[in-house]
Amino acid sequence: MKLFKAMVALSLLVVSPASFAALASSYQFNGQGNWSIDAAGDITGFSELRATVPTGSTVERAFLYSSTYFNAPRPRVSFGGRTIAGNGNWTALGMTGGPVNALQAYRADVTAQVARAVAATGEALVSGFEHTPGIDGQILAVVDSNSDEVERQSNLSGGFSDSFGEETALTLDAPRTDDLL
């Protein structure tokens with residue numbers, strides 16, 4: 001699926017910040033908390049992404065990732081009563097391919113929208129995507145803090161990879177002791 005080739009090699013792992021290839025750390029959380037992630041690929045005009053955050057948690061950071069192909073314009077997404085579109089909302093994470101088959105990855109900070117949604121309902125729901133021709137997929141990643149959770153380090157890393165394949169290595173400081181994915 002092109003979603004994971006062109007978009008985000010998202011890693012929410014107990015890792016050191018060392019990584020290679022086209023990944024860059026977007027956010028690192030150290031403390032008592034957890035995360036939620038949902039994805040949809042090959043969007044055809046409507047999809048839903050959900051982030052479930054436990055009662056009593058605080059949304060620390062939330063990102064919406066998107067991938068486009070064939071030199072499509074930046075994505076246009078409806079979320080929390082706000083349209084996320086244009087250069088001011090999306091950060092370009094990188095591109096691969098040529099002028100005809102370019103694959104582009106983007107990230108938008110949606111922390112405020114997710115925090116409002118979670119405060120109202122306990123859940124954030126991204127729905128009703130406005131169809132942008134060439135969208136390949138979307139990911140919603142949310143990191144929350146909660147004193148009832150175990151101590152952990154979570155690293156949100158995003159980027160892109162060569163559409164013909166690429167390798168990324170992550171160095172773990174210690175063996176994982178919880179199921180993150």
Side-chain angles (χ1 to χ4, degrees), residues 1-13 15-29 35-51 59-80 82-114 124-143 154-171 180-181:
M1 181 187 288
K2 289 181 267 183
L3 171 66
F4 294 104
K5 289 182 181 177
M7 179 156 165
V8 176
L10 244 180
S11 60
L12 290 165
L13 302 172
V15 299
S16 73
S19 60
F20 308 96
L23 282 179
S25 182
S26 302
Y27 179 73
Q28 184 168 324
F29 174 80
W35 54 269
S36 175
I37 188 168
D38 196 11
D42 295 324
I43 295 172
T44 58
F46 184 83
S47 187
E48 290 185 349
L49 298 176
R50 295 179 187 273
V59 174
E60 296 293 330
R61 193 59 71 104
F63 292 108
L64 184 62
Y65 293 86
S66 187
S67 175
T68 62
Y69 57 94
F70 296 132
N71 292 319
R74 289 181 189 247
R76 190 171 175 83
V77 177
S78 295
F79 177 52
R82 175 178 165 220
T83 297
I84 301 169
N87 292 340
N89 293 303
W90 292 101
T91 300
L93 299 177
M95 182 188 301
T96 185
V100 175
N101 63 347
L103 300 169
Q104 175 70 55
Y106 296 98
R107 177 187 67 235
D109 188 328
V110 293
T111 304
Q113 294 93 321
V114 169
L125 174 64
V126 181
S127 65
F129 289 110
E130 297 177 41
H131 180 64
T132 300
I135 285 182
D136 190 37
Q138 305 271 352
I139 293 175
L140 177 62
V142 178
V143 177
S154 299
N155 185 26
L156 235 54
S157 295
F160 68 102
S161 64
D162 188 308
S163 59
F164 295 104
E166 188 171 332
E167 291 184 21
T168 298
L170 301 170
T171 304
L180 295 177
L181 291 178

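- Remark: Gln104 CD to Thr96 OG1 distance equals 10.0 Å, nearest 0.5 Å.
- Here the straight-line distance linking atom OH of Tyr27 with atom CD of Glu60 works out to 4.5 Å at 0.5 Å rounding.
- In this structure, the side chains of Leu64 and Val114 stay at 4.5 Å or more apart for every pair of heavy atoms.
- With sequence neighbours left out, the side chain to side chain donor-acceptor pair (under 3.5 Å) criterion links Thr91 to no other residue.
- By the side chain to side chain contact (heavy atoms under 4.5 Å, CB included) test, Ala112 pairs with Arg116, sequence neighbours left out.
- Here the side chains of Trp35 and Val142 are not in contact, with every heavy-atom distance at 4.5 Å or above.
- No donor-acceptor pair closer than 3.5 Å links the side chain of Ser67 to the backbone N or O of Gly137.
- One distance of note links OH of Tyr106 with CG of Asn89; it measures 12.5 Å at 0.5 Å rounding.
- Here the CD-CG distance, from Gln113 to Leu140, works out to 10.5 Å after rounding to the nearest 0.5 Å.
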Q: Could you give me the CA-CA distance, side-chain angles and deciding distance for Ser26 and Arg107, then say whether side chain to side chain donor-acceptor pair (under 3.5 Å) is met?
A: CA-CA 9 Å; Ser26 302; Arg107 177 187 67 235; 3.0 Å; yes
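- The shortest side-chain heavy-atom distance between Phe63 and Val110 does not fall under the 4.5 Å cut-off.
- Taking OH from Tyr65 and CD1 from Ile37, the interatomic distance works out to 8.5 Å, rounded to the nearest 0.5 Å.
- When every heavy atom of Ala39 is checked against every heavy atom of Ile139, the shortest pair comes out as CB-CG1, 3.7 Å.
- A donor-acceptor contact closer than 3.5 angstrom links the side chains of Gln138 and Ser66.
- With sequence neighbours excluded, no residue satisfies salt bridge (charged side-chain N to carboxylate O under 4.0 Å, His left out) with Asp38.
- Here Leu103 contributes atom CG and Thr68 contributes atom OG1; the two are 8.0 Å apart, rounded to the nearest 0.5 Å.
- Between Trp90 and Pro75, the shortest heavy-atom contact is NE1-O, 3.0 Å.
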